[in-house]
Amino acid sequence: MKEEKKKQIRDIMGDLKYLDKESLALLRDNANLLRRRDELGRREEKEDKTA
């Protein structure tokens, strides 16, 4: 499983070489938004458990 995950990441990284700057910026922004959403969700879960 771990080797397959590494291969998937290598494939994605290889594909990223062919994207233009605007597309890379959009991907970065979307990834940041998803991280922030996940972080807020975890924070809310913690607050729910303590309440």
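The model shown is predicted, which means the values in this text are computed figures rather than measured ones.
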So which pairs with a foot in residues 12-21 pass side chain to side chain donor-acceptor pair (under 3.5 Å), sequence neighbours left out?
-> Asp20-Ser23
Report all side-chain donor-acceptor pairs from residues 29-40 shorter than 3.5 Å, counting only partners two or more places apart or in another chain.
{"from": "Asn30", "atom 1": "ND2", "to": "Leu26", "atom 2": "O", "distance (Å)": "3.4"}
{"from": "Asn32", "atom 1": "OD1", "to": "Arg35", "atom 2": "NH1", "distance (Å)": "2.8"}
{"from": "Asn32", "atom 1": "ND2", "to": "Arg28", "atom 2": "O", "distance (Å)": "3.4"}
{"from": "Glu39", "atom 1": "OE2", "to": "Arg43", "atom 2": "NH2", "distance (Å)": "2.7"}

Name each donor-acceptor pair under 3.5 Å that joins a side chain in residues 1-10 to protein atoms two or more places apart or in another chain, with its distance.
{"from": "Lys7", "atom 1": "NZ", "to": "Asp11", "atom 2": "OD2", "distance (Å)": "3.1"}

